[in-house]
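These notes are about the structure you will find just below.
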Number of protein chains: 2
Amino acid sequence: MAITLKEVAERAGVSRSAVSRTFTDGASVSEKMRRKVEKAARDLGYSPNALASSLTTGRTKLIGLISNNFHNPIFLEVFDLFTRGLQDRGLRPLLVNLSDETDPQASVRMLRQYSVDGAVVASSTLPPGFSKAFRDAGVPVVHSFGRYSSAPQVHVVGIDNVECGRMAARTLVARGYRKIAFLGGPESATSTQDRYSGFFSELGAHRGLTTSYSFADAYSFDAGRREMLRLLKSDPAEAYFCGDDVLSIGVLSAIADSGLRVPEDIGIIGLNDMEMARWENINLTTIHQPIRQIVTSSIELMVAMLDEPDRYPEARIFPCSIVERGTLRPVG
Amino acid sequence: MAITLKEVAERAGVSRSAVSRTFTDGASVSEKMRRKVEKAARDLGYSPNALASSLTTGRTKLIGLISNNFHNPIFLEVFDLFTRGLQDRGLRPLLVNLSDETDPQASVRMLRQYSVDGAVVASSTLPPGFSKAFRDAGVPVVHSFGRYSSAPQVHVVGIDNVECGRMAARTLVARGYRKIAFLGGPESATSTQDRYSGFFSELGAHRGLTTSYSFADAYSFDAGRREMLRLLKSDPAEAYFCGDDVLSIGVLSAIADSGLRVPEDIGIIGLNDMEMARWENINLTTIHQPIRQIVTSSIELMVAMLDEPDRYPEARIFPCSIVERGTLRPVG
DNA sequence: GCTAATTTTGCAACCGGTTGCAAAAGCTGA
DNA sequence: TCAGCTTTTGCAACCGGTTGCAAAATTAGC
C-alpha cells in the first residue's frame with residue numbers, strides 16, 4: 001500500500017542507500033542527488049517508515065506515558081503538557097492506563113515489545129517499585145510526581161511533599177487557627193504520607209494546638225465529601241489541610257451542605273492549584289504545585305537519558321508556594 | 001541489549017522459524033517443540049519485538065488517538081475509556097495532541113510513519129475534513145463525537161446534536177420559560193451549529209416566546225463566565241441552553257456573582273453530563289451524552305475496520321436524555 | 001593535464017522478525 | 001515392514017529500512 005524506499009530509488013534511478021541518506025540528516029549526499037531523490041519522493045508521496053528504521057537504529061522515538069490518574073482533572077493538564085512537550089521534540093507518547101492494572105511486569109513487557117526508548121511514570125500514587133521495574137528492564141525511566149528521596153533509585157521529578165505539609169501547617173498557624181486537622185488522600189500514597197509527616201512535625205513546634213487527622217480513600221470529590229460529612233457530625237476542626245484540590249472541593253461541598261461557611265466557620269487549604277481552584281465559584285486557597293515545570297523538567301531529563309542511559313539518578317524538586325484565595329481567613 | 005529470537009533458537013537448538021511459530025498462534029508446532037522453545041525463552045527472558053514483526057505482518061496494533069480537547073474535563077473520562085478499551089483488545093493508543101496544530105497533513109504523515117493500524121479522532125470541534133485526510137491516506141478512521149450526517153464520508157460515532165437542541169428547547173418550554181436563550185460554544189464547531197439549529201427549529205414551533213442567542217469562544221469555564229457576565233448587564237433571559245457543562249459552570253458562577261439565583265431567577269441547562277455535573281455544589285441539570293457507549297462503539301467499529309478496511313462508512317448515533325438536577329425550575 | 005586528497009555513491013550485510021515451500025518426520029492401515 | 005498421507009520442521013527470501021566499506025566521482029594542488 002504505502003510507498004517504500006525501494007520504489008523511490010527506482011523512480012529516481014539511484015541506489016536505495018542514496019534515498020535513505022537523503023532522509024537521514026548528517027549523511028553525505030550531494031545537492032544534485034538530494035534534489036533528484038526529493039523530487040521522486042514527492043511525486044510518489046513517500047514518507048519513511050519510522051518503525052523499520054528503528055530496527056537498525058535502535059531508536060523508536062516512542063515514549064511510554066504511564067499513569068493511573070484518569071479521574072483527577074489535574075491530570076488532563078499533565079497529559080496536555082506531556083504530549084505537547086514530547087511532540088515538540090519529535091517523541092511520540094504511547095499512553096498506558098494503569099487504572100485497573102495490578103502487575104507492573106505486564107506493562108514493562110508490553111512497552112519493551114514496542115521498544116519504547118523510555119518511559120515516564122506520571123503518578124503520585126504508584127509505588128516506587130513500579131518505576132524500578134522499568135529501570136531493571138533497561139528502560140530509561142522518569143518518575144514524575146514521585147516521592148522525593150535523598151537516595152533516589154530512579155530519576156524523580158516532583159515536589160517535596162514533606163515541605164508542603166510544613167508549609168500548610170505554618171500557614172494555618174499564622175492565621176490563628178488552633179484546632180487543626182489533616183484530611184489526607186489515600187493513606188497508602190507516598191504523597192499522603194509525606195505531607196502528613198511534614199504537617200505534624202511543624203505543628204509539633206507550636207504550643208496550645210489541638211490536632212487530628214483522617215484519610216479519604218482517594219484523591220477525589222466523592223471521597224473528600226464523604227469524609228467531611230462524617231467529620232462534621234462530631235466537633236469538626238477550625239481548619240483542614242486537604243489531600244489535594246479535587247478532594248478539597250468535595251470537602252467544601254460537604255461544608256456548604258451543613259450550613260457552615262468557609263472561611264468564617266471552617267478554613268480549607270488544598271494542594272495542586274489545578275485550574276479549577278481559581279474558578280470564581282470555588283476560589284480555593286491552595287498550595288501551588290508547579291506542574292508545568294515538573295513536566296518540562298521530566299521531558300528534559302528523559303531526553304538527556306536517551307543519550308546517556310546510565311545517567312546517575314537524580315531527584316529534581318521544585319518549590320511550591322501558597323496561593324491565597326478565599327478559603328482561609330486572613331492573617332492577624 | 002534485548003534478547004532476540006535468534007538467541008532463543010540457538011539455546012533451544014532449533015530453527016528461528018520454530019521459535020517464531022511458537023509465538024504466533026495458529027501456527028503449526030508440536031507440543032515437544034513448543035515446550036523446548038518456551039523453556040529457552042523463559043530462561044533468557046525473551047519477548048518478541050512487536051515492531052519487527054509488524055514489518056512482515058503489516059499490523060502494528062498501534063492506534064492513533066487524536067484530540068484537541070485537553071482542557072475540558074470530560075475528555076479525561078474519554079481518554080480513560082479509550083485507553084482501557086483499546087488496551088483490553090491488545091491495541092496501543094498513540095496519543096496525538098492537536099491543540100496547537102493547524103495542519104492535518106502533519107499528523108497524518110506522522111501517524112503513517114508509525115504505521116498505525118487506524119486512527120480515532122476524538123473531538124467535536126475538529127472539522128470533518130480532518131478525518132477525511134486520514135481516510136484519503138488509507139488509514140482506517142473513526143470520528144468520535146463527530147457530526148452526524150446522513151451521508152457520512154468516514155465512520156462517525158456520536159450524538160444527534162440537532163435533536164439535543166430540540167430536546168433542550170422542549171424542556172425549557174415545558175417548564176414555562178418564555179424568554180429563552182442559546183449560549184453556544186464556539187460558533188465554528190459543528191456541534192454548536194447543530195445544537196443551535198435544533199434548538200431554534202423547536203422553539204419556532206411555539207408561540208409567544210422571546211428568544212436570543214450568543215456564542216462563547218470556547219467550551220470552557222472562562223468563556224462561559226465571560227459571556228454570561230456580559231449578558232447579565234442588559235436584560236438577561238429566563239433560561240439558557242448552554243454549550244456544554246463546563247461552560248455552564250462558568251455561567252453559573254457569573255450568575256452567582258450577580259446576586260441572582262438559580263433556578264429561581266435564571267434557569268440553566270447544559271450538555272454532556274460530565275462527572276462534575278452531579279457534584280452536589282454544582283448539581284447541574286443537563287443532557288446526558290452517553291460517552292461510555294460512544295467510546296465502546298467507536299472501538300468496536302475500529303476493530304471491525306481492521307479486518308475490513310474498506311467497510312462502507314456508517315454513522316452511529318446514540319440517544320441523549322435529560323438529567324434532572326437543580327438548575328431548572330420544576331415542571332408546571 | 002596529471003596525481004593525490006576528498007567527497008559521493010552503491011554493494012551487500014544486517015536489524016528482528018514472518019512465511020511459502022519442500023524435505024523430514026510421524027502416523028495410518030494392510 | 002512398507003506405501004501413502006499428514007504433520008512438523010528448516011531453509012531461504014522477504015518486510016523497509018541503515019550503514020561499513022570500497023569503488024567511483026569530484027575537487028584540489030601543482
For this session: Classify every nucleotide of nucleotides 6-19 of chain C by which part a protein heavy atom approaches to under 4.0 Å, writing B for the base, S for the sugar-phosphate alone and - for neither, in 5'-to-3' order.
Result: --BBBBB--BBBBB
Exercise. Should the pair A/Asp80-A/Arg84 be classified as a salt bridge under the 4.0 Å nitrogen-to-oxygen rule?
Worked result: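 So A/Asp80 pairs with A/Arg84 through a salt bridge.
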For this session: Could you check if a side-chain atom of B/Tyr114 sits within less than 4.5 angstrom of a side-chain atom of A/Asn49, using non-hydrogen atoms only?
Result: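 Side chain of B/Tyr114 against side chain of A/Asn49, heavy atoms only: no contact under 4.5 Å found.
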Side chains of residues 305-314 of chain A: which donor-acceptor partners sit under 3.5 Å, not counting sequence neighbours?
| from | atom 1 | to | atom 2 | distance (Å) |
| --- | --- | --- | --- | --- |
| A/Arg311 | NH2 | A/Glu314 | OE2 | 2.9 |
| A/Glu314 | OE1 | A/Arg316 | NE | 3.2 |

For this session: State which residues pass side chain to side chain donor-acceptor pair (under 3.5 Å) with B/Gln193; sequence neighbours excluded, sorted by chain then number.
Result: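 Here the qualifying residues are B/Arg147.
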Problem set entry | Pairing residues for A/Ser188 by the side chain to side chain contact (heavy atoms under 4.5 Å, CB included) criterion, not counting sequence neighbours |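 Counting only residues at least two positions away or on another chain, A/Ser188 forms a side chain to side chain contact (heavy atoms under 4.5 Å, CB included) with A/Pro186.
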For this session: Ignoring hydrogens and angles, state whether a donor on the side chain of B/Tyr219 or B/Ser191 is under 3.5 Å from an acceptor on the partner side chain.
Result: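 Judged by distance alone, the side chains do pair up.
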Exercise. Residues two or more places apart in sequence or in another chain: which of them pass salt bridge (Lys or Arg N to Asp or Glu O under 4.0 Å) with A/Arg16?
Worked result: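 A/Arg16 satisfies salt bridge (Lys or Arg N to Asp or Glu O under 4.0 Å) with no residue once adjacent residues are dropped.
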For this session: Please give the angle, rounded to 10 degrees, between the axes at the start and the end of the helix from C/dG1-D/dC30 to C/dA30-D/dT1, where five pairs define each axis.
Result: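 If I round to tens, the end axes sit 20° apart.
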